[in-house]
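Here the structure comes first, spelled out in structure tokens, and everything after it is commentary.
What's counted below: heavy atoms across the whole structure, side chains too, no hydrogens, waters or symmetry copies.
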Amino acid sequence: MTDLAVMAAGIKLENPLILASGILDENGYTMRRVLQEGAAAVVTKSIGTAERPGYKTPVVVDLPDGNLLNAVGLSNPGIKDFGGEIRIALEANKPVIGSIFGSSPEEYGELAHSMQLYGAAAVELNLSCPHVNGTGLEMGSDPEMVEAIVNAVKNRVSIPVLAKLSPNVSNMLEIAYSCSKANSIVVINTIKGMAIDINARKPVLSNYYGGLSGKAVKYVGLRYVYEIKKETGFDVIGVGGISNAEDVVEYMMAGASAVQIGTAVGRYGRGIFSAISHDLALLAERLKVDRISDLKGAAL
Amino acid sequence: MTDLAVMAAGIKLENPLILASGILDENGYTMRRVLQEGAAAVVTKSIGTAERPGYKTPVVVDLPDGNLLNAVGLSNPGIKDFGGEIRIALEANKPVIGSIFGSSPEEYGELAHSMQLYGAAAVELNLSCPHVNGTGLEMGSDPEMVEAIVNAVKNRVSIPVLAKLSPNVSNMLEIAYSCSKANSIVVINTIKGMAIDINARKPVLSNYYGGLSGKAVKYVGLRYVYEIKKETGFDVIGVGGISNAEDVVEYMMAGASAVQIGTAVGRYGRGIFSAISHDLALLAERLKVDRISDLKGAAL
Amino acid sequence: MSHSAVEVLWSRNESPTVKTLAFKWDQEVLPGQFVMVWTPGIGEIPMSLSSLGEIKTITVKDFGPPSAAIISTNPGNKLYIRGPYGNHFTRTDGKKLVIGAGSGMASLAPLVDKNTYGIISAREKSEIILTGNFDQGKVMVTTDDGSMGFKGNTIEALKVFDAKVDMIYVCGPEKMLFAVYNYLKDRGIRAEFSLERSMKCGIGICDSCSIDGFQLCRDGPVFSIDQLGSMKEFGVSRLTYSGKRIQM
Amino acid sequence: MSHSAVEVLWSRNESPTVKTLAFKWDQEVLPGQFVMVWTPGIGEIPMSLSSLGEIKTITVKDFGPPSAAIISTNPGNKLYIRGPYGNHFTRTDGKKLVIGAGSGMASLAPLVDKNTYGIISAREKSEIILTGNFDQGKVMVTTDDGSMGFKGNTIEALKVFDAKVDMIYVCGPEKMLFAVYNYLKDRGIRAEFSLERSMKCGIGICDSCSIDGFQLCRDGPVFSIDQLGSMKEFGVSRLTYSGKRIQM
Ligand SMILES: Cc1cc2nc3c(=O)[nH]c(=O)nc-3n(C[C@H](O)[C@H](O)[C@H](O)COP(=O)(O)OP(=O)(O)OC[C@H]3O[C@@H](n4cnc5c(N)ncnc54)[C@H](O)[C@@H]3O)c2cc1C
Ligand SMILES: Cc1cc2nc3c(=O)[nH]c(=O)nc-3n(C[C@H](O)[C@H](O)[C@H](O)COP(=O)(O)OP(=O)(O)OC[C@H]3O[C@@H](n4cnc5c(N)ncnc54)[C@H](O)[C@@H]3O)c2cc1C
Ligand SMILES: Cc1cc2nc3c(=O)[nH]c(=O)nc-3n(C[C@H](O)[C@H](O)[C@H](O)COP(=O)(O)O)c2cc1C
Ligand SMILES: Cc1cc2nc3c(=O)[nH]c(=O)nc-3n(C[C@H](O)[C@H](O)[C@H](O)COP(=O)(O)O)c2cc1C
Ligand code: FES
Ligand code: FES
């Protein structure tokens, strides 16, 4: 039987499959269930300092072919009220990675510190939300700011730090280099996009613009994983459009140490984690490797 | 019967459907046939000063769900040997738009001048090819360079000038503003991506990286058309993922004066132009407009 | 095209604050399933279908801006809907009881047949809706203020309801569901409950509708009495629109 | 997964420069259709299938690096293929003649049955392939240097070939096709020609394979004699890999 265990960002995972931030991860009971049903780890919804309702509905557009557009708008209860959810999630005895967003290095540092106190196994810096002003992508496209945030967080916490980057930039590689102190780089967040309803003659999302995710963005994610791994050699976690075992292997061959799954969880249900684990073991046999981690970087 | 005629970049088109650059447009006979079979205009393959073989095969990856990855690598015979192809295409008596790429404002100016001499109805500046160094995106992500190129070309030719921009940038709006002298902005070119074959354990494209096009990029294209139209008010031509009449209407409602179709021509054949024209007339009736151009900007 | 544009054929006031709107939608829908109804510029909210024939209806209570906008859609104008979503009530031929409070009656309405009894509750008379769906004498009404029917709450009505039934269907505010659940849990009667939560996506992505790790929009909104028995959040707490946990 | 990975089962030399490779591929393919064969790191080129049963074959001439790489794939190793692409020869039960030159015989091979005559040409003896597919006495060989069969070219062979046939299938260098076309065009015989062009995409996108606005990879590679009659590029000019027009 194939060994599915991997090391990613210095964390040992029982399989390479992590729940991506923003999908089924604002309620502690849901995270607990996703872990119990087969995810190796979960990343929480991105949490900020203060409570935010996010945007009005519609906040998602269900697109054809396994794609999705969303502008949830970083709704979250605020860090103070999130400890309880993490506590519930931790009952599954698997790593919970706390995702955070802020508007200054200090704020990221504070949020990360709270996540560490809550028992998070690592902290993921959302430097890439494409549809909220004053955070996310706005900070994440400036390499100096990114470096300042990563360093501030590294100084504040002892748990691994993951930097989640955006594909909506001209200079991804430069930004990746500015994360040299991070334990891993997570790519990609969603690609900025929009959907229009021709009967209503209106953009569908209440925020007009949102982020594209799902099957189609896999090819963009693969490119970033490959390019960043090849050029920087940093640990990279792949995310974007993964919905089956082949996709996972493609990302691992491109250099990812583990992957995150978002949109496909909505599409195929929480059972996708155990289903992919099962298929991954068979696929590894077909590819004649004993350990899934042997495939890491095979296409580099 | 609905009036499908539109004005785009100052050119009168019998319908809003233009063949996009790089698809079935290096051979004059092909362009002539595409025009005869229903396209209102064609954009030629991007032509440079010197002959270029482009990349070795594989130069395309046929992806699921109507998507495509390509790295043709700007193969072209060189401007001197392209006049004959345009002459053949012009036998269809419809506008032929000459696409060009260069590495300096002067070179773009020269190329544009040749296109004008060949009888092109307009020139389209490829400022956005994502997979060739020293041209395209490399120049197209620098607003000052874009402005210099647009202005150099405007000074050299009297035909309309279209600036085709890339989605692989942090600052699309700034770049769009730098094209204020252009007659129209064309968005989007492909999104940088990659595909990996898990059996071969290799990137499929000989160039590794390529550009993603097809159905999935529609949502990214719509966003750029909408945002550029809304913020700058410039004439915008939409391209990306269009494969049916609904897609055309979505782009027009987002503010496009006309659209270009690429990948779907391969998917559905050259007949797609007349098929969409037919459906477009019916759809306009259903939407209760007499002229398709009445839908322009309806969702803004 | 993300939503289906359906034309409102007619509408009917059920009470001063509740209105039924009818439209043609060529789509099979099962009792208990819901649609997301979008009013451009205002918002999108989940709505059960209150009849499932070729002509379908939703029955909407005027609550906040999204529901008010739906209610004000006049015949001839369009509703923008997507779905149907969610699981559904298990139909049975036997004798059944539906217990509905407030707009909760909407999702129960398609279940009502000759063999169905009803307990309908509300705060006061004007909020009692859809009693006409039941056969004469098969429906019991309760109001908090006694302005119509029986003065009291659902549980008190349930206590005096003595007919043996094969299945009980319940929909309404969670407080009421929880009370009914507690009353029924050791009585060995089959029962299904349709729950409500904030619902942002409707497609199992956003987690806003979850209860004990189950997504109301996919795994629910209908849960059996046994499923509810194992839930720690049922009747106890839920997340707000921003994701903050509040007590019920 | 962009390509199917198929294992080479066996290979066989047809001539010093031509090799047939066999693999199992569970895919229906019609005579005249082709696949794109990718050798990672080297390139991808179109190849006709030279037999179409459960075990399929390609018959490859050693030409440049891509074809040489395919030829050197040993049994047990993988070929990476996609397809099948293109249209196909119209099968007929009647008497037929196939005219093949060089590796052009590969795409004609699946058409050969008891009722088929052949004219096979090449520069010299060692380049003559696949004669064994024909019934004894039904194949005529010509070489430029007379080292095998008849000394001369296809047209000369055609002139002495006197059997009446219902259909002629032709594949080989365009010069030969053009000569055959000119010979046959006023003779009122049904004939189909399989053409070759540079092929980069195989899926009707890149224009590198086009002739008179038709894409060989979609509308072809097989064209009837009538279709060829209206083509201005046939036998006259084509585009190189870079897109430059050159005379044939
Ligand atoms: C499965 C299901 C079926 C339902 N069926 C029916 C039915 O048949 N009939 C019926 O009347 N009701 C039904 N409801 C309830 C209905 O969906 C609404 O929740 C209820 O009508 C509240 O009304 P409102 O949205 O107008 O009010 P509000 O209280 O104004 O708002 C609730 C909605 O507004 C938005 N919102 C809330 N807070 C914020 C914020 N801070 N920032 C931005 N946006 C916010 C969200 O879209 C939210 O869903 C159902 C609910 C569910 C879950
Ligand atoms: C429909 C069809 C069916 C065919 N069937 C067969 C068959 O059954 N058997 C057979 O032997 N042949 C067949 N061919 C011909 C075959 O595809 C090759 O074209 C031929 O083998 C040339 O060999 P090569 O590619 O190795 O040689 P080369 O001359 O080295 O190269 C041709 C190929 O190399 C690449 N290339 C060429 N020039 C450049 C450049 N400047 N820069 C980068 N890359 C370049 C391209 O991939 C091109 O296709 C067929 C062709 C077609 C169109
Ligand atoms: C509804 C939704 C909400 C998201 N919210 C967040 C978020 O809060 N923080 C974050 O870093 N990424 C967020 N993302 C991005 C995902 O984590 C992921 O990067 C992206 O969706 C690509 O992966 P996928 O194709 O598997 O969904 C969100 C994505 C979706 C679809
Ligand atoms: C095979 C291929 C080649 C292309 N070559 C060019 C090119 O030479 N110049 C250019 O400006 N755009 C080129 N493009 C981009 C298209 O013109 C278009 O912007 C993009 O494909 C999105 O549209 P689509 O989804 O309809 O294909 C090419 C696209 C494809 C698929
Ligand atoms: S409404 Fe989003 S998960 Fe149910
Ligand atoms: S090979 Fe590209 S169009 Fe035919």
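- B:R267 places no side-chain N or O within donor-acceptor distance of the main-chain N or O of D:I203, the cut-off being under 3.5 Å.
- Ion pairing between D:D219 and B:R33 fails under the 4.0 Å rule for side-chain N and carboxylate O.
- In this structure, D:T240 and B:E51 have side chains that are in contact, with non-hydrogen atoms separated by less than 4.5 Å.
- Exactly one of B:I23, B:V72, B:V34, B:T30 qualifies for a side chain to side chain contact (heavy atoms under 4.5 Å, CB included) with D:D207. That residue is B:T30.
- Taking 4.5 Å as the limit, some side-chain heavy atom of B:L68 sits within range of a side-chain heavy atom of D:I205.
- Within the 4.5 Å cutoff, no side-chain heavy atoms of B:N199 are placed close to those of D:H3.
- Within the 4.5 Å cutoff, the side chain of B:P77 has no heavy atoms near those of the D:R245 side chain.
- The closest side-chain donor-acceptor pair between D:S210 and B:N27, if any, does not fall under 3.5 angstrom.
- Contact residues of residues 30-53 of chain D toward chain B are D:W38, D:P40, D:G41, D:I42, D:G43, D:E44 (heavy-atom distance under 4.5 Å).
- Within residues 15-28 of chain D, no residue has any heavy atom less than 4.5 Å from a heavy atom of chain B.
- Between D:L239 and B:E85 there is a side-chain heavy-atom pair separated by less than 4.5 Å.
- When the shell of 6.0 Å around NZ of B:K202 is examined, it contains 12 or fewer heavy atoms from other residues, nucleotides or ligands.
- Between B:R52 and D:S242, the closest side-chain pair of non-hydrogen atoms is not below 4.5 Å.
- Taking 4.5 Å as the limit, every side-chain heavy atom of D:K200 sits out of range of all side-chain heavy atoms of B:Y55.
- Heavy atoms closer than 4.5 Å to chain D are found nowhere in B:Q36, neither backbone nor side chain.
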